[in-house]
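Worksheet: the structure to be examined is printed underneath.
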Amino acid sequence: MTARHGHRGEKMENAEKKRVFSGVQPSGNLTIGNYLGAIKNFKSFEEQYKTFYCVVDLHAITVRQVPAELRRRTYETLALYMASGLDETKNTLFVQSHVHEHAELGWILDCYTMFGELSRMTQFKDKSAKHAENINAGLFTYPALMAADILLYGTDIVPVGIDQKQHLELARDVAMRFNQIYSDTFTVPEGYISESTMKIMSLAEPTAKMSKSDTNQNAVVYILDSKDDIMRKFKRAVTDSGSEVRYSEDKPGVSNLMTIYRAFTGKELADIEREFDGVGYGEFKLAVGEACADGLAPVRERYNQLIADKAHLEAVMKAGAEEASYYARRMMSKVRRKIGFVG
Ligand code: AQP
């Protein structure tokens, strides 16, 4: 047993804490959408909760991945968790495929998730339109695996962006369904969706979500982009008609930039409107670029140190998987018993 995961006393203490689970797919270079909508919020739970943050590689293969890139991005995603401030001694950081119970419970929950429910998932509809040549069964049952990820740890809270709300609701429904059939087994999880950063939009098409798999590199700001790239992308960002820096529905481009500016500076929207009153979009976009680049600089710096030490990352993911497995095994033995599996 490692010092990190301690002894029974520590587990006892953890047993009383509420649980948090979330994950990010290593399916591309991570964006400021992933950072502001999800990862940046993870840290706020590390003191009060028992937290599980996972690199969800099983989910990533629902879309075809180049093996060498998937491997590299798995390390990168873990390093980005840590570079964003997650302390590996306070959070369980691990890779989904290292804990086999995710796949096992995923299969079981497939059998408690309805075809009709999965057919209604907007992400499935979007992704099957985007990947028409590869509409595989995994893409369809993705939400049941996500339910397994969450329910395996008795999770109370799941910090995610708004795009995951529908999947989270399905996880709740599946938990309640299972509990109703077999008596109380799973905790019914709640989403934690940060209102101010729940959906960062594309810089090229501000009515669409910023996505790591977007093929238009100018639409997306990556966490590890250089300052020059960040400035260039914000300079080219699509704005709206008129010239006022004002937050409103009919100004999706400017509103998105204000959201990003607010997230990196901590300023209120009304103050931002005042700050840029009478100033053209050009100057505003430069200020957003500066704030974003400044906010990401320390993350990039820490990341560069972390990614250079692969042995340390491997030690973190190994220890994380051991810790997660302890909880996962306990839940699985309960689930097996309830269902009626022998042994
Ligand atoms: N644009 C966004 N704004 C706010 N939150 C976002 N998230 C993703 N994009 C935004 C949140 O990031 C977490 C991890 O996402 P994921 O890796 O599970 O996949 P996703 O939601 O499908 O994200 P992407 O970037 O769009 O990936 P691809 O292009 O591979 O599909 C989630 O909590 C998500 O809400």
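Order of appearance sets the numbers: ligands from 1, and atoms from 1 within every ligand.
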Listing, residues 294-302 side-chain donor-acceptor contacts under 3.5 Å, not counting sequence neighbours, or none:
from	atom 1	to	atom 2	distance (Å)
R300	NH1	D225	O	2.4
R302	NE	A83	O	2.7
R302	NH2	A83	O	2.6

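- Although no hydrogens or angles enter the test, the distance criterion places a donor-acceptor pair under 3.5 Å between the side chain of S202 and the main chain of A204.
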field: CA sep, side-chain torsions, deciding dist, call: K43, E46, salt bridge (charged side-chain N to carboxylate O under 4.0 Å, His left out)
entry: CA-CA 5 Å; K43 192 173 172 58; E46 73 179 11; 2.7 Å; yes
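- For K17 and T51, the side-chain atoms include no donor-acceptor pair closer than 3.5 Å.
- Annotation for ligand 1: atoms under 4.0 Å from non-hydrogen atoms of K199 are 3 (N), 4 (C).
- Close approach of ligand 1 to S211 (heavy-atom distance below 4.0 Å) involves ligand atoms 24 (P), 25 (O), 26 (O), 29 (O).
- Backbone and side-chain nitrogen or oxygen atoms of V160 are examined, and none is located within less than 3.5 angstrom of a nitrogen or oxygen of ligand 1.
- For ligand 1, the atoms sitting less than 4.0 Å from at least one non-hydrogen atom of T197 are 4 (C), numbered in the order shown with element in parentheses.
- Scanning all protein heavy atoms for the shortest distance to atom 28 (P) of ligand 1 gives S213 OG, 3.6 Å.
- Of all protein heavy atoms, the one lying nearest to atom 7 (N) of ligand 1 is N34 ND2, 3.8 Å.
- Heavy-atom separations between V24 and ligand 1 include at least one value shorter than 4.0 Å.
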Which donor-acceptor pairs under 3.5 Å do the side chains of residues 234-242 make with protein atoms, sequence neighbours left out?
from	atom 1	to	atom 2	distance (Å)
D240	OD1	G253	N	3.1
D240	OD2	G253	N	3.2
D240	OD2	V254	N	2.8

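- Against a heavy-atom cut-off of under 4.0 Å, G37 is close to the following atoms of ligand 1: 4 (C), 5 (N).
- Interface of M198 with ligand 1, defined as ligand atoms under 4.0 Å from a residue heavy atom, comprises 3 (N), 4 (C), 5 (N).
- Ligand 1 has an N or O atom lying under 3.5 Å from an N or O atom of Q164, backbone or side chain.
- Checked by distance only, ligand 1 and G23 stay at 3.5 Å or farther apart across all their nitrogen or oxygen atoms.
- In this structure, F52 has its ring center at least 6.0 angstrom away from the ring center of F21.
- Under the 4.0 angstrom criterion for non-hydrogen atoms, L30 is not in contact with ligand 1.
- With L224 as the partner, the side chain to side chain contact (heavy atoms under 4.5 Å, CB included) test is satisfied by one option alone out of I307, D229, L80, N304: L80.
- A donor-acceptor pair shorter than 3.5 Å cannot be found between the side chains of T185 and K334.
- Y53 contributes a side-chain N or O that, together with a main-chain N or O of F42, makes up a donor-acceptor pair within less than 3.5 Å.
- When only non-hydrogen protein atoms are considered, atom 21 (O) of ligand 1 lies nearest to D163 OD2, 2.6 Å.
- Between the choices G33, P159, A38, the shortest heavy-atom distance to atom 13 (C) of ligand 1 belongs to A38.
- K209 NZ, 3.5 Å is the protein heavy atom nearest to atom 9 (N) of ligand 1.
- For the pair K251 and Y247, the cation-pi criterion (under 6.0 Å, within 45° of the ring axis) is not fulfilled.
- Atoms of ligand 1 lying under 4.0 Å from any heavy atom of S27, numbered from 1 in the order shown and given with element: 30 (O).
- Classified by interplanar angle (parallel below 30°, tilted 30° to 60°, perpendicular above 60°), the ring pair F178/F186 is tilted.
- Seen from the ring of Y75, K310 counts as a face-on cation partner, given the 6.0 Å and 45° thresholds.
- The distance criterion of under 3.5 Å between nitrogen or oxygen atoms is not met by S22 with respect to ligand 1.
- Proximity annotation for atom 11 (C) of ligand 1: of A208, G161, G28, S194, G161 comes nearest, heavy atoms only.
- In this structure, the protein non-hydrogen atom closest to atom 1 (N) of ligand 1 is I200 O, 2.8 Å.
- In this comparison of Q25, K212, K127, the heavy atom closest to atom 31 (O) of ligand 1 sits on K127.
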